[in-house]
Protein chains: 2
Amino acid sequence: MFRGNHPTRVDEKGRLKVPAEFKRRLDELYGPQFFITSKDGKRAELYPMKEWERIEDALAKAPSSGAKKKFLDVTNYYGQVVEMDAQGRLLIPQLLREDATLAGDVAVLGMQTYLVVANDAKHRAQLAENPLTDADIDALGVVGI
Amino acid sequence: MFRGNHPTRVDEKGRLKVPAEFKRRLDELYGPQFFITSKDGKRAELYPMKEWERIEDALAKAPSSGAKKKFLDVTNYYGQVVEMDAQGRLLIPQLLREDATLAGDVAVLGMQTYLVVANDAKHRAQLAENPLTDADIDALGVVGI
DNA sequence: TTCTTAGTGGAAAGAAGTGGAATAAAGTGG
DNA sequence: CCACTTTATTCCACTTCTTTCCACTAAGAA
């Protein structure tokens, strides 16, 4: 399970330095291959290949639907298979770099099974715009939060 | 399985440069022959010959129907058998080039068993017009996305 | 302070992409 | 039916970009 925010950087060549703690986890649980994509074009999502394949399988079994088609259209448009090098860096596709403004300082967030890579300022703004409400929390139905 | 987006170009002669990664996959799994066609005239679909034959076989076994007739009418109207040259380029039929506006920058999307070739700007516009919403994702019912 | 690990920049080698010339094929008119 | 014109295809050679790897710097632990 990936959790928390690990600030890092994207260099001029568009390479993301995977924070050491996440890298260690990834090396031990998965191979060096990832599927990097986006559902909204505003931030990147980094899936270990196995996790992404699991999602593809689940989708393949689901009946055809507009939502499914859209999902594939979007994720395959932004998506690309990427490999992490020995230095723990991986190249973010240009399209994603541009649309999600991934350059310089970025936040890498652990989202349990995958990672989110976001422009820090943009992410803050989005949180401010669309805050978590008491109603949202109630809807979760989980005790102890 | 083909996945992700590999931007490439169609040159003035109407030749599509197959992105190297897809080319490698195709060379290893299939021959240099493809069936290029379209279901809507808005973007091209590129099937390795074997995959297209599989579809034809499945159709042949299906009973006659309006849907089947339409499918054959459209795919055979736009369709053509094409070969990839040693440089990884293949000639897109003129009709398809015109209708789907395939010139200059195009996106080649991996769609598991086949590839989609779309005008980049057009595809983006389509995504913007019809974005993937939280409700869509919820509707998929897949965990871990 | 010294050792180890994390992060960064960049040069060199190799691969990918591109244009266009040469060759072949198809089409057209006499 | 032949010769000529035009179009299409193949292949070579150049350029550009990408990837890989090496080496340095910085930061933190012993």
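Chain identifiers are assigned alphabetically (A, B, ...) following the order of the sequence lines, protein sequences preceding nucleic acid strands; residue numbering begins at 1 within each chain.
For the 3.5 Å distance criterion, the side chains of B:N5 and A:Y78 fail to qualify, holding no donor opposite an acceptor. Checking A:K122 against A:T101 by side-chain atom types alone, a donor-acceptor pair falls below 3.5 Å.
When rounded to the nearest whole Å, the span between CZ of A:R15 and P of C:dG9 equals 9 Å. Distance B:Q80 CD to D:dA8 C1': 13 Å, rounded to the nearest Å. Across the protein-nucleic acid pair, B:D11 atom CG and D:dT9 atom C1' stand 13 Å apart, rounded to whole Å. Distance, B:M84 CE to D:dT10 C1': 15 Å, rounded to whole Å. Between the CZ atom of B:R24 and the C1' atom of C:dA16 there is a distance of 9 Å, rounded to whole Å. Between the CD atom of B:E12 and the P atom of C:dT18 there is a distance of 11 Å, rounded to whole Å. Separating the NZ atom of A:K17 from the P atom of C:dG9 is a distance of 12 Å, rounded to the nearest angstrom. Distance B:E83 CD to D:dA8 C1': 14 Å, rounded to the nearest Å.
The residue A:Q87 sits close to a base: some heavy atom pair falls under 4.0 Å.
Relative to the side chain of A:L91, the nucleotides D:dC21, D:dT19, D:dC11 differ in distance, and D:dT19 lies closest. Of the listed nucleotides (C:dA16, D:dT9, C:dA11), C:dA11 has the atom at the smallest distance from the side chain of A:K13. Taking every side-chain heavy atom of A:R89 into account, D:dC22 is the closest of C:dG7, D:dC11, D:dC22.
Classified by interplanar angle (parallel below 30°, tilted 30° to 60°, perpendicular above 60°), the ring pair B:Y47/B:Y114 is parallel.
Dense packing is recorded around CD of B:E28, with more than 12 heavy atoms of other residues, nucleotides or ligands lying under 6.0 Å away.
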